[in-house]
2 protein chains.
Amino acid sequence: MKRAKKKIFADFIAQRGLKTTKQRDIILDSFLSSDRHLSIEDLYLKLRAKHPNIGYATVYRTLKLFAEAGLAREMQFGDGQTRYEHVGEGEHHDHLVCTRCGHIEEFENETIEKLQDEVANSRGFLIERHRLELYGLCSGCRK
Amino acid sequence: MKRAKKKIFADFIAQRGLKTTKQRDIILDSFLSSDRHLSIEDLYLKLRAKHPNIGYATVYRTLKLFAEAGLAREMQFGDGQTRYEHVGEGEHHDHLVCTRCGHIEEFENETIEKLQDEVANSRGFLIERHRLELYGLCSGCRK
DNA sequence: CTTTATGCAAACTATTTGCAACAAT
DNA sequence: ATTGTTGCAAATAGTTTGCATAAAG
């Protein structure tokens, strides 16, 4: 799966006439073996630990490339930190966000999606995407 | 209704030992007679037209006060602009956002809310609040 | 060789803060 | 008088960009 995603990125790079670089390899590798909702800063710090001379700008630019390649998606959970979440093909999910510890869980619910479509239809809206986030205390933090 | 909200704010101000000022009156008045999802910048520009010497910082600070007083709620729709929406007591609604013209509509759906609670319960989450936004083309922009 | 990528620092955007002058109580 | 408020400019946080140098094709 990590292999498959690397392939996707390699193809994307090739097809756009871009170049394979050491940095992109490192960043992709680190991204793929990280938490599914990593903030840019966290990824940057994680990278710096092993590769002290990698630049912040490169991380930003490379994450944008991942997004264009369809490997990642930019997300904001309102804490002022942009996160990139891992994207699998065609998959979609929503989020539970713990306001205390920051833990993020994913969920899917067919019925909710269906109801959303109904709402949109009744208003003449054509939905492209949506976001649904439930904020509160995770089971761990409730105690 | 505008009157009622002004009363709420006046009470809030009094009860906190804060002061009534010309600026706060002007900003509240302008806020109350604006679009329900106004960006800070839009409000600022609107204000500047009549009151050229009002400061950006004052607008920021005052809007935060409105939020604390329960008159407004801070919202982000991902375009880098913070908006403040009007809040009525106990009311909650979600949003349809047009990605082309920026139009924002509100909707409510009991069933979706109920399903959200179920999801949260099944994960042991205690929901404090949620956000649901449907992005796409509004009826006008579909043509 | 030619073109793209990198790292750094400077630029930018949205927002917040310090502070002296000012207004409300 | 006292305390909170304003407007400005400077500070901050997150992100983007210009550019000379370096690396990939």
Side-chain angles (χ1 to χ4, degrees), chain A residues 9-31 37-69 72-84 102, chain B residues 6 9-31 37-45 47-69 72-84 102:
Chain A
F9 188 61
D11 291 349
F12 170 83
I13 285 292
Q15 167 196 328
R16 295 254 278 227
L18 304 179
K19 288 170 180 173
T20 305
T21 69
K22 221 183 319 175
Q23 287 86 334
R24 288 180 177 164
D25 289 346
I26 292 167
I27 297 173
L28 180 54
D29 206 68
S30 187
F31 174 71
H37 303 91
L38 205 66
S39 73
I40 298 177
E41 184 170 16
D42 288 345
L43 182 56
Y44 175 69
L45 292 176
K46 184 176 163 185
L47 283 163
R48 283 297 276 222
K50 288 216 166 201
H51 309 274
N53 51 338
I54 219 158
Y56 224 128
T58 303
V59 178
Y60 270 94
R61 291 188 276 231
T62 306
L63 284 171
K64 285 208 181 303
L65 277 186
F66 294 170
E68 289 180 58
R73 184 186 298 120
E74 220 173 301
M75 309 238 58
Q76 314 262 163
F77 293 108
D79 61 349
Q81 295 264 223
T82 296
R83 286 159 201 283
Y84 278 86
Chain B
K6 287 189 180 180
F9 189 61
D11 291 349
F12 171 83
I13 286 292
Q15 168 195 327
R16 293 254 276 228
L18 303 179
K19 287 170 179 170
T20 305
T21 68
K22 222 182 319 175
Q23 288 86 335
R24 287 180 178 162
D25 288 347
I26 292 168
I27 297 173
L28 179 54
D29 206 70
S30 187
F31 174 70
H37 302 91
L38 205 67
S39 72
I40 299 177
E41 185 171 14
D42 288 344
L43 182 57
Y44 175 69
L45 292 175
L47 284 163
R48 282 298 274 222
K50 291 217 165 201
H51 310 274
N53 51 337
I54 218 158
Y56 224 128
T58 303
V59 178
Y60 270 96
R61 291 188 275 229
T62 306
L63 284 170
K64 286 210 182 300
L65 277 186
F66 294 170
E68 288 180 60
R73 185 185 297 119
E74 219 174 303
M75 309 240 54
Q76 313 264 163
F77 294 109
D79 61 349
Q81 296 263 222
T82 295
R83 284 160 202 283
Y84 277 85

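This is a predicted model, so every value here is computed, not measured. Just so we're on the same page: letters track the sequence lines, and every chain starts at 1.
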Q | Contacts of B:Arg24 that satisfy side chain to side chain donor-acceptor pair (under 3.5 Å) - sequence neighbours left out | A | none
Could you grab the distance from atom [atom1] of [X] to atom [atom2] of [Y], nearest 0.5 Å is fine?
{"X": "A:Ser30", "Y": "A:Ile54", "atom1": "OG", "atom2": "CD1", "result": "8.5 Å"}
{"X": "B:Lys64", "Y": "B:Glu74", "atom1": "NZ", "atom2": "CD", "result": "4.0 Å"}
{"X": "A:Asp11", "Y": "A:Arg16", "atom1": "CG", "atom2": "CZ", "result": "13.0 Å"}
{"X": "A:Leu38", "Y": "A:Leu43", "atom1": "CG", "atom2": "CG", "result": "5.0 Å"}
{"X": "B:Leu63", "Y": "B:Thr82", "atom1": "CG", "atom2": "OG1", "result": "10.0 Å"}

Q: Return the 5'-most residue of the pair A:Arg48, B:Glu41 with respect to DNA chain C, ranking by each residue's nearest nucleotide.
A: A:Arg48
Q: Flag the pair B:Tyr60 / B:Ile40 as yes when at least one side-chain heavy-atom distance between them is below 4.5 Å, and no otherwise.
A: yes
Q. Can you find a heavy atom in the side chain of B:Ile26 that is under 4.5 Å from one in the side chain of B:Thr21?
A. no
Separation of atom [atom1] in [X] from atom [atom2] in [N], rounded to whole Å:
{"X": "A:Gln81", "N": "C:dT15", "atom1": "CD", "atom2": "C1'", "answer": "16 Å"}
{"X": "B:Leu45", "N": "C:dA14", "atom1": "CG", "atom2": "C1'", "answer": "14 Å"}
{"X": "A:His51", "N": "C:dC8", "atom1": "NE2", "atom2": "C1'", "answer": "19 Å"}
{"X": "B:Asn53", "N": "C:dA21", "atom1": "CG", "atom2": "P", "answer": "19 Å"}

Q: Note down the inter-axis angle between the two ends of the helix from C:dC1-D:dG25 to C:dT25-D:dA1, five pairs each, to the nearest 10°.
A: 20°
Q | Positions of residues 56-65 of chain B (non-hydrogen atom under 4.0 Å from DNA chain C), listed by number | A | B:Ala57, B:Tyr60, B:Arg61, B:Lys64
Q) Looking at residues 11-28 of chain B, who's got a heavy atom less than 4.0 Å off DNA chain C? A) B:Lys19, B:Thr20
Q: Using the side-chain hydrogen bond (donor to acceptor under 3.5 Å, both in side chains) rule, collect all pairs that involve residues 39-59 of chain A, keeping only residues at least two apart or in two chains.
A: A:Ser34-A:Lys46, A:Ser39-A:Asp42, A:Tyr44-A:Arg48
Q | N-O pairing of B:Asp29 and B:Lys6 below 4.0 Å | A | yes
Q: Please report the closest heavy-atom contact between A:Ile13 and A:Thr20, naming both atoms and the distance.
A: CG2-N, 4.0 Å
Q | Test of ring centre spacing under 6.0 Å for B:Phe9 and B:Phe66 | A | yes
Q.
Taking A:His37's backbone N and O only, do any of them form a donor-acceptor pair with A:Arg83's side chain (distance below 3.5 Å, no angle check)?
A. yes
Q: Extract, from 5' to 3' on DNA chain D, the first and final nucleotides lying under 4.0 angstrom from some heavy atom of chain A.
A: D:dG14 to D:dG25
